[in-house]
K.L.:
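Let me give you the structure first, and then I'll get to my questions.
The residues of the chain are indexed from 1 along the displayed sequence.
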Amino acid sequence: MQLTVNSRVAILLQGGIKGDRGKTGLAFLRYSQTNIVAVIDSETAGQSFQELTKIEQSVPIVRDTASALVYQPDILLIGIAPSGGQLPFELQAEVAIAVEAGLSIINGLHTPLKPQFDYLQPGQQIWDLRQEPGDLTIGKGKAQSLTAQRILTVGTDMAIGKMSTSLELHRAAVNQGIKAQFVATGQAGIAISGQGIPLDAVRVDFAAGAVEKTVLELGKGQDLVIIEGQGSLLHPGSTATLPLIRGSQPTGLVLVHRAGAKQIRDLPDFLIPPLSEVIQLYETVASAGGIGTVKVKAIALNTFGLDLAAAEAVIKSTEELTGLLCSDVVRFGGATILPAIYEQK
């Protein structure tokens, strides 16, 4: 399914504006260039989306899918990412209403929806994002053959802004006239860019190969490739970071960290080491799987929740601590650290 600036999208975000399961939809609202006509969330219906989220979108929030149809969408994006990746039972009727009304569906959940609907109208589609592609092989380090510089975002935890960092860096590079490509590796990034690899839907033996294949395809003719990171080497439940390193064969890394975080967010017994040690860990692992030394080139600090003065202070102290350029790229733009990650030829 190809989204354009003329696509009219409604986003199913029930419980995702004030809750913690709206990552996909909120990212789409922040970065997509499509025409978003309505957000569906009964908890905040009628309130100001911009005031609630600080995302610059003047889009109405409505109670349910039936209410969203008034705004004449042609696509329903399932914008929630609940634990386990399953569509909650109470929302199945919402999706069915959209299908019956002729809307196409973009589904980022693990459960495929296409097999559940056999009465689609001509031109109507269901795009199940989290489907393993075919013809996969193991990784073989072939991404090294690209002439493009390859920057992978890595993190001290999950869900701290690796996708947002990647998109902001890509935006800044394009704005400066650099031939740059963003490689999405999760459902939100794929929905925004229209292409990529749903890494968590790929069997682990083929994960590095799937990343490699995608980076080779999208990196041709580019000067800079920004690969969206997933997970963390520090998180005991994460398996995504290593195949991303192996498959993309990065020439450099950007470390993403939540300001002030001392332990893994949902597992407080797992401490985050000092950033200098985390940097050394990532550089060692990335260099061991390639043919040269790979360095962390900059720090992307997530300062959400801090006021401007506090954010600037922690950015400065992080620069002094690590000796690396540091910024909150969502807050201040990707151009603030772009000089550190891209070497002009």
Side-chain angles (χ1 to χ4, degrees), residues 23-24 27 30-31 81 108 130 139 143 148-173 180-193 195-202 204 207-208 210-212 214-215 218-219 224-258 261 264-265 272 275 278-279 281-287 289-290 294-302 324 326-330 334 337-338 340-342:
K23 175 182 175 181
T24 300
R30 186 184 296 276
Y31 292 109
R130 275 169 150 163
Q149 296 173 47
R150 300 174 301 282
I151 301 298
L152 172 67
T153 52
V154 296
T156 55
D157 200 349
M158 295 183 176
I160 55 172
K162 293 179 287 293
M163 182 196 68
S164 297
T165 297
S166 301
L167 286 165
E168 293 288 354
L169 289 173
H170 176 252
R171 176 188 289 174
Q181 179 66 265
F182 165 70
V183 177
T185 59
Q187 70 273 19
I190 294 172
I192 292 165
S193 65
Q195 58 191 359
I197 175 72
L199 189 57
D200 65 359
V202 178
V204 67
V211 173
E212 178 179 285
T214 305
V215 170
L218 299 182
L224 177 63
V225 179
I226 308 291
I227 302 102
E228 176 192 2
Q230 300 288 338
S232 171
L233 289 178
L234 304 180
H235 196 297
S238 174
T239 59
T241 304
L242 191 57
L244 277 165
I245 292 173
R246 295 291 183 258
S248 68
Q249 293 290 302
T251 57
L253 308 171
V254 172
L255 179 63
V256 186
H257 176 63
R258 182 181 292 107
I264 299 299
R265 184 175 183 179
I272 296 173
L275 288 186
V278 179
I279 290 168
L281 168 66
Y282 273 111
E283 291 181 344
T284 299
V285 172
S287 300
V294 181
K295 293 290 187 180
V296 172
K297 293 178 174 287
I299 307 291
L301 206 61
N302 181 339
L324 296 171
C326 174
S327 180
D328 183 331
V329 297
V330 174
I337 63 171
L338 187 63
I341 72 165
Y342 179 69

K.L.:
Out of curiosity, Leu242 CG to Leu233 CG, how far, rounded to the nearest 0.5 Å?
P.N.:
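If we round to the nearest 0.5 Å, Leu242:CG and Leu233:CG are 7.0 Å apart.
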
K.L.:
Check the surroundings of atom CZ in Arg30: do more than 12 heavy atoms from other residues, nucleotides or ligands lie under 6.0 Å from it?
P.N.:
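Check passes, neighbour count above 12.
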
K.L.:
Phe182 and Ser166: which non-hydrogen atoms are nearest, and at how many Å?
P.N.:
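So the minimum-distance heavy-atom pair works out to CE1-CB, 3.7 Å.
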
K.L.:
Kindly indicate whether the side chain of Val285, heavy atoms from C-beta on, has any atom under 4.5 Å from the side chain of Arg246.
P.N.:
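Yes, close enough: below the 4.5 Å cut-off.
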
K.L.:
I'd like to know if the side chain of Arg258 reaches the main chain of Ala159, judged simply by a donor and an acceptor atom lying under 3.5 Å from each other, with no hydrogens or angles considered.
P.N.:
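At least one qualifying donor-acceptor pair exists.
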
K.L.:
What do the steps show when you test Leu255 against Leu324 for side-chain contact (heavy atoms from CB on, under 4.5 Å), and what is the final call?
P.N.:
CA-CA 10 Å; Leu255 179 63; Leu324 296 171; over 6 Å; no

K.L.:
Can you name the closest pair of heavy atoms from Ala261 and His257 and give their distance?
P.N.:
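Residues Ala261 and His257, closest heavy atoms: O-CE1, 3.5 Å.
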
K.L.:
Tell me the closest heavy-atom pair linking Ile160 and Asn302, and the distance in Å.
P.N.:
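In terms of heavy atoms, the two residues are closest at O-ND2, 2.9 Å.
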
K.L.:
Indicate yes or no for a side-chain donor-acceptor contact from Arg150 to the backbone of Ser248 under 3.5 Å, with no hydrogens or angles considered.
P.N.:
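Yes, because the side chain of Arg150 sits within donor-acceptor range (under 3.5 Å) of the backbone of Ser248.
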
K.L.:
How many angstroms lie between CG in Leu275 and CG in Leu281, if you round to the nearest 0.5 Å?
P.N.:
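That separation rounds to 12.0 Å.
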
K.L.:
Compare every heavy atom of Ser327 with every heavy atom of Ile337, then report the nearest pair and how far apart it is.
P.N.:
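Heavy atoms only, the tightest pair is CG2-CB, 3.7 Å.
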
K.L.:
For the residue pair Tyr31 and Ser193, establish whether any side-chain heavy-atom pair is separated by less than 4.5 Å.
P.N.:
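Tyr31 vs Ser193: side chains apart.
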
K.L.:
Do Leu234 and Ile264 touch side chain to side chain, with heavy atoms closer than 4.5 Å?
P.N.:
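Contact flag for Leu234/Ile264 side chains = yes.
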
K.L.:
Please report the shortest heavy-atom distance between Val294 and Thr251, naming the atom on each side.
P.N.:
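Minimum heavy-atom separation between Val294 and Thr251: CG1-C, 4.2 Å.
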
K.L.:
Which value, rounded to the nearest 0.5 Å, describes the distance between Leu253 atom CG and Tyr282 atom OH?
P.N.:
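With rounding to 0.5 Å, CG (Leu253) is 9.0 Å from OH (Tyr282).
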
K.L.:
Out of Leu152, Val154, Thr153, which one pairs with Lys162 under the side-chain contact (heavy atoms from CB on, under 4.5 Å) rule?
P.N.:
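Considering Leu152, Val154, Thr153, a side-chain contact (heavy atoms from CB on, under 4.5 Å) with Lys162 is found only for Thr153.
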
K.L.:
Check whether Thr241 reaches the backbone of Ser232 with its side chain - one donor and one acceptor, N or O, closer than 3.5 Å.
P.N.:
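Judged by distance alone, yes, a pair lies under 3.5 Å.
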
K.L.:
Would a distance-only check, ignoring hydrogens and angles, find a side-chain to backbone donor-acceptor pair under 3.5 Å from Lys295 to Ile279?
P.N.:
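Between the backbone of Ile279 and the side chain of Lys295 there is no qualifying donor-acceptor contact (under 3.5 Å).
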
K.L.:
Examine distances only and state if a side-chain atom of Asp157 and a backbone atom of Arg265 form a donor-acceptor pair shorter than 3.5 Å.
P.N.:
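Yes, Asp157 side chain to Arg265 backbone: donor-acceptor pair under 3.5 Å.
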
K.L.:
Check whether any side-chain heavy atom of His170 sits under 4.5 Å from a side-chain heavy atom of Glu228, and report yes or no.
P.N.:
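Result no, sub-4.5 Å side-chain heavy-atom pair not found.
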
K.L.:
Which distance, rounded to the nearest 0.5 Å, do you find between the OG1 of Thr185 and the CG of Asp200?
P.N.:
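These two atoms lie 9.0 Å from each other.
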
K.L.:
So, taking the atom named NZ in Lys297 and the one named CG in Leu338, what distance separates them when rounded to the nearest 0.5 Å?
P.N.:
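These two atoms lie 11.5 Å from each other.
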
K.L.:
If every non-hydrogen atom of Pro198 is compared with every non-hydrogen atom of Ile190, which pair is closest and at what distance?
P.N.:
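Closest heavy-atom pair between Pro198 and Ile190: N-CD1, 3.5 Å.
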
K.L.:
Say whether, by atom type as modelled, one donor and one acceptor occur between the side chain of Thr24 and the main chain of Ala188 under 3.5 angstrom.
P.N.:
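Not at all, since once roles are kept as given, no pair shorter than 3.5 Å links the two residues.
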
K.L.:
Could you go step by step and tell me if Ile226 and Ile341 meet the side-chain contact (heavy atoms from CB on, under 4.5 Å) rule?
P.N.:
CA-CA 10 Å; Ile226 308 291; Ile341 72 165; 4.2 Å; yes

K.L.:
Could you give the distance from CD1 (Ile227) to CG (Leu244), rounded to the nearest 0.5 Å?
P.N.:
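Those atoms lie 8.5 Å apart.
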
